[in-house]
Amino acid sequence: MAHQVHAYHMVDPSPWPLTGAVGALLLTSGLAIWMHFHSMTLLTLGLILLLLTMYQWWRDIVREGTFQGHHTPPVQKGLRYGMILFITSEVFFFLGFFWAFYHSSLAPTPELGGCWPPTGITPLDPFEVPLLNTAVLLASGVTVTWAHHSIMQGHRKEAIQSLTLTILLGFYFTFLQAMEYYEAPFTIADGVYGSTFFVATGFHGLHVIIGSTFLAICLLRQVLHHFTSEHHFGFEAAAWYWHFVDVVWLFLYISIYWWGSCLSSVERMPVISAHPVLV
Amino acid sequence: MNWTNETAAVHAQYSSLTGGRSFLHSAAFLCFQKLPRLASRAFSSSARQLKNKVPESQKIFQEDNGLPVHIKGGTGDVLLYRATMTLTIAGTCYSLYWLLIASFPQKKE
């Protein structure tokens, strides 16, 4: 049996990049077919294929790291760089939506009434559920750090408890936000206010769900004794992602919920136009 | 501390450099020789603790059978792989079918 004389990981040939690529193809073409021909089959097939790919690909990574010992220090360094770069790309993704929000809200057009929030929009009170949501996510940041320290100190039961608490807080946030969406007095179709609000907070909510799922996988792995006090990068990656989700929320809260709910000074300037119309 | 996971995994990587027997097999052999009673109390005795099955998994996935990691787990792996690949090929064909339909002009009513 040939053994490597270097510390790097030469992966076994894998079918998952292909199945994942085809899954992406089916999702995108499926979306187009759904819109034009009202058939959801292709879309559903794409979703199933993507889920199967994600499950098997990540299962294989766990096998390679935890069961085969391939995640040596240099390999782990590469994984760390990878996760950091991925999160950075997500930061840029959200940056775009913040750009859109500030573009429209810093210089509200006459069609909106020359003010922000636009005429006719009743924004959510930032000191009600949104403030609770802020507290929930900040608390979850504390519990995930507690979980990390528990893992590093070899306190198995405490790690499981604090990780579970983190996930429950994540679910609570999602539940509260879903209630807010249902009760909101405006919709995504209500002009640029609705668009910027629901697209930015909507993508954030999706990331909360992704982060909660990642943490739940880590909880399962912790229960199954995968993590050691020195080596638990999967958990660290999940914790980094969770902190990122938390920070995005803080920016959303300050920009859209808080600043965005106050009448802008532009409103006080005389506007020579016809009756303001909500676009 | 779960040193067994870490140490066994890392040592098994470099075992051939020390000779034919893998470290994992040697360590297991020694454990059974010297500490037969303690082996049965190796896990915590608190009420609902799960036994650490990582060493068993390490043995399965480090077996020198030439199998790639995505089917090294057994029959379940192969079945799931086949199902996934079937969906991949069928899905590709189905998307090409829809491409064909979408390429032709639609009848206007």
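Throughout, a chain's letter reflects where its sequence line sits, starting with A, and its residues are numbered from 1.
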Hey, what do you get for [atom1] ([X]) to [atom2] ([Y]), rounding to the nearest 0.5 Å?
X      : Y      : atom1 : atom2 : result
B:T92  : A:L26  : OG1   : CG    : 6.0 Å
B:S57  : A:H226 : OG    : NE2   : 6.0 Å
A:L224 : B:K51  : CG    : NZ    : 13.5 Å
A:L18  : B:T88  : CG    : OG1   : 6.5 Å

Subject >> Non-hydrogen atoms of A:S29 and B:S95 that approach each other most closely >> reply: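 Where A:S29 meets B:S95 most closely, the heavy atoms are OG-CB, 4.0 Å.
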
For the interface with chain B, which of [options] has the highest count of heavy-atom pairs at distances below 4.5 Å?
options                     : answer
A:L45, A:I48, A:V223, A:T19 : A:T19
A:S14, A:P15, A:A32         : A:P15
A:L25, A:L42, A:V11         : A:L42

Are there more than 12 heavy atoms of other residues, nucleotides or ligands under 6.0 Å from atom [atom1] of [X]?
X      : atom1 : value
B:Y81  : OH    : no
A:F175 : CZ    : no
A:W240 : CH2   : yes
B:R82  : CZ    : no
A:Y172 : OH    : no

Subject >> Residues of residues 96-105 of chain B contacting chain A, heavy-atom criterion under 4.5 Å, by residue number >> reply: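 Residues in range: B:W98, B:I101, B:A102.
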
Original post:
Got a donor-acceptor contact below 3.5 angstrom from the A:Q68 side chain to the B:Q58 backbone?
Top reply: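 Pair absent, no side-chain N/O of A:Q68 close to backbone of B:Q58.
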
**OP:** Decide yes or no for A:F37 and B:Q106: does some side-chain heavy atom of the first lie under 4.5 Å from some side-chain heavy atom of the second?
**Re:**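 Side-chain contact under 4.5 Å: yes.
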
Subject >> Option that, when pairs with chain A are counted at under 4.5 Å, heavy atom only, ranks first among B:L87, B:I89, B:L80 >> reply: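 Most heavy-atom pairs within the cutoff with chain A belong to B:L80.
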
Subject >> Segment of A:S39 engaging chain B (4.5 angstrom heavy-atom cut-off) >> reply: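 Contact with chain B is through the side chain of A:S39 alone.
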
Subject >> Candidate pair A:F67 and B:I60, rule side chain to side chain contact (heavy atoms under 4.5 Å, CB included), full reasoning >> reply: CA-CA 8 Å; A:F67 304 147; B:I60 295 168; over 6 Å; no

Please set out all donor-acceptor pairs under 3.5 angstrom arising from side-chain atoms of residues 55-65 of chain A, sequence neighbours excluded.
| unit_1 | atom_1 | unit_2 | atom_2 | d |
| --- | --- | --- | --- | --- |
| A:Q56 | NE2 | A:L52 | O | 3.1 |
| A:Q56 | NE2 | B:T84 | OG1 | 2.9 |
| A:R59 | NH1 | B:D77 | OD1 | 3.3 |
| A:R59 | NH2 | B:H70 | O | 3.0 |
| A:D60 | OD2 | A:W16 | NE1 | 2.7 |
| A:R63 | NH1 | B:V69 | O | 2.9 |
| A:R63 | NH1 | B:D77 | OD2 | 2.6 |
| A:R63 | NH2 | B:D77 | OD1 | 3.0 |
| A:R63 | NH2 | B:D77 | OD2 | 3.1 |

